[in-house]
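Just so you know, these numbers come straight off a predicted model, no measurement behind them.
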Amino acid sequence: MTVLAHEGTYPILHQTWPIPIGTAHRTGYIARPDEFGVFPVVIVVPGLDGLTGFEKDICRQLARSGIAAVTFHPYEGHTGHPLEDYHTLSDTRALTDLDEIYEFIMSDDIAWNAGDKVGILGLDVGGRFAIAKAARSSWVGSLVCVGTPLTGDENREIQVADHLDHLPVPVLAMYGAEDQFIDNATVDEAQNRNQHGQWLLYAGARHDFLDPNSDDYDVAAAGDAMERIKAFFLATLPKAVIEDLG
């Protein structure tokens with residue numbers, strides 16, 4: 001892996017990496033602290049556009065704070081038509097893929113994972129899969145969603161709303177109050193149904209407020225959101241243990 005100059009708490013290692021999913025390998029990306037030891041791990045689930053520089057940047061930001069992060073291309077046979085790719089991916093397949101990424105993280109090939117609980121960060125529609133997986137699997141330690149639609153999935157196998165009353169893990173969800181696609185009322189309803197979670201609205205921010213490549217990018221909201229995300233995962237996942245080689 002290549003090494004970035006020191007930035008933040010940790011220097012990091014980062015690289016595109018083939019991740020075994022099903023009978024083949026899917027394009028993935030790993031960023032982790034450049035230290036000997038074990039670290040909390042987060043799976044970043046991309047949105048409609050699949051694996052882009054946005055997801056990779058989030059992974060690097062997490063790594064600089066002491067969190068190993070893994071992301072991947074969720075759409076096998078990527079066509080370049082985001083909505084078509086998303087609708088082609090079944091919920092069952094998406095959740096199975098997440099289980100297989102977890103198995104990869106827990107495999108003998110990976111020596112830097114701390115404990116058997118992993119966080120999930122779902123972006124846009126990727127948050128739908130993240131919510132469903134958090135509700136259904138004991139290996140999820142905590143959940144973050146950013147700009148995740150909470151309605152409009154009535155024709156899919158799984159409806160996100162069905163899981164909001166019984167999410168068994170700590171939850172942090174963030175939205176732009178001026179989101180063009182998501183009604184604030186659905187976020188308020190999610191908070192009512194998931195009272196132990198935090199469902200936040202950023203005043204003046206739009207749908208893609210966290211993505212620096214988007215016209216919606218909001219520097220203040222994105223900066224605050226990333227600090228919250230890092231602190232949340234550090235507080236809710238297994239702690240890092242750095243080896244003393246001196």
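In this structure, A221 and A205 approach most closely via the heavy-atom pair CB-CB, 4.2 Å. Considering all non-hydrogen atoms of both residues, P74 and L89 come closest at O-CD2, 3.7 Å. Of all non-hydrogen atoms in G204 and A177, the two that sit nearest each other are N-CB, 4.3 Å. Nearest heavy-atom pair, A111 versus V38, reported as atom, atom and distance to 0.1 Å: O-CG1, 3.5 Å. Residue P11 comes nearest to E35 through the heavy atom pair CD-OE2, 4.4 Å, listed as atom of the first residue, atom of the second, then distance. Between I182 and G147, the shortest heavy-atom contact is CD1-O, 3.4 Å.
Using a distance-only test at 3.5 Å, with no hydrogens or angles considered, a donor-acceptor pair links the side chain of R193 to the main chain of A161. With hydrogens and angles disregarded, a donor-acceptor distance shorter than 3.5 Å links the side chain of D211 to the backbone of N213. For the pair D153 (side chain) and V160 (backbone), a donor-acceptor distance under 3.5 Å is present. Of the possible donor and acceptor atoms, one in the side chain of H196 sits under 3.5 Å from a partner among the backbone N and O of L167. A donor-acceptor contact shorter than 3.5 Å links the side chain of S90 to the backbone of R93. For Q191 (side chain) and W199 (main-chain N/O), a donor-acceptor pair under 3.5 Å exists by modelled atom type. In this structure, E100 contributes its side chain and G22 its backbone to a donor-acceptor pair below 3.5 Å. Remark: side-chain polar atoms of S142 are not paired, donor with acceptor, to backbone N or O of F233 under 3.5 angstrom.
Aromatic ring pairs are classed by plane angle as parallel below 30°, tilted from 30° to 60° and perpendicular above 60°; the pair F39 and Y10 is perpendicular.
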Mind running salt bridge (Lys or Arg N to Asp or Glu O under 4.0 Å) on K133 and D99 for me, showing each step along the way?
CA-CA 9 Å; K133 180 49 63 178; D99 281 329; 2.9 Å; yes
Walk me through it: do R128 and D91 pass the test salt bridge (Lys or Arg N to Asp or Glu O under 4.0 Å)?
CA-CA 9 Å; R128 286 176 165 167; D91 293 334; over 6 Å; no
Determine, stepwise, if the pair W139 / Y102 fulfils ring pair (Phe, Tyr, Trp, His ring centres under 6.0 Å).
CA-CA 8 Å; W139 58 259; Y102 173 74; 4.5 Å; yes
Kindly indicate, with the supporting measurements, whether the criterion salt bridge (Lys or Arg N to Asp or Glu O under 4.0 Å) is fulfilled by E55 and R60.
CA-CA 9 Å; E55 289 77 21; R60 292 192 295 269; over 6 Å; no
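To the nearest 0.5 Å, atoms OG1 (T96) and CD1 (I21) are separated by 10.5 Å. Expressed to the nearest 0.5 Å, how far SG of C59 lies from CD1 of I30 amounts to 9.0 Å. The distance from atom CD of E189 to atom OG1 of T151, rounded to the nearest 0.5 Å, is 11.0 Å. For the atom pair CH2 of W112 and CD1 of I105, the computed distance is 6.0 Å after rounding to the nearest 0.5 Å. For the atom pair CG (D34) and CZ (R32), the distance works out to 7.0 Å, reported to the nearest 0.5 Å.
Checked against the 6.0 Å centroid threshold, Y175 and Y202 do not count as a close aromatic pair.
With sequence neighbours excluded, the residues that form a side chain to side chain contact (heavy atoms under 4.5 Å, CB included) with E84 are T79, H81, T88. With sequence neighbours excluded, no residue satisfies salt bridge (Lys or Arg N to Asp or Glu O under 4.0 Å) with D162.
F129 and L121 are not part of a single hydrophobic cluster, where members link through side-chain heavy atoms under 4.5 Å apart. Hydrophobic clustering (ILVMFWY, side-chain heavy atoms < 4.5 Å, transitive): Y75 and V44 are in distinct clusters. Cluster annotation: L237 is connected to L172 through the hydrophobic network of ILVMFWY side chains, with a link wherever side-chain heavy atoms come within less than 4.5 Å. No continuous path of hydrophobic side-chain contacts links L234 to V70 [ILVMFWY only; heavy atoms under 4.5 Å].
For the pair L48 and L83, the minimum side-chain heavy-atom distance is below 4.5 Å. Side-chain atoms of D179 and R206, non-hydrogen and from C-beta on, never get closer than 4.5 Å to each other. At least one side-chain heavy atom of M106 sits under 4.5 Å from a side-chain heavy atom of N113. Contact of the K56 side chain with the T16 side chain is registered, since non-hydrogen atoms from C-beta on lie closer than 4.5 Å. At least one side-chain heavy atom of F232 sits under 4.5 Å from a side-chain heavy atom of V144. Looking at heavy atoms from C-beta onward, L62 lies in side-chain contact with K230 at the 4.5 angstrom threshold.
F54 pairs with exactly one of D208, L210, T71 by the side chain to side chain contact (heavy atoms under 4.5 Å, CB included) rule, that one being L210.
Seen from the ring of Y86, R156 counts as a face-on cation partner, given the 6.0 Å and 45° thresholds.
For the residue pair N194 / H163, no side-chain donor-acceptor distance below 3.5 Å is found, with atom types taken as modelled.
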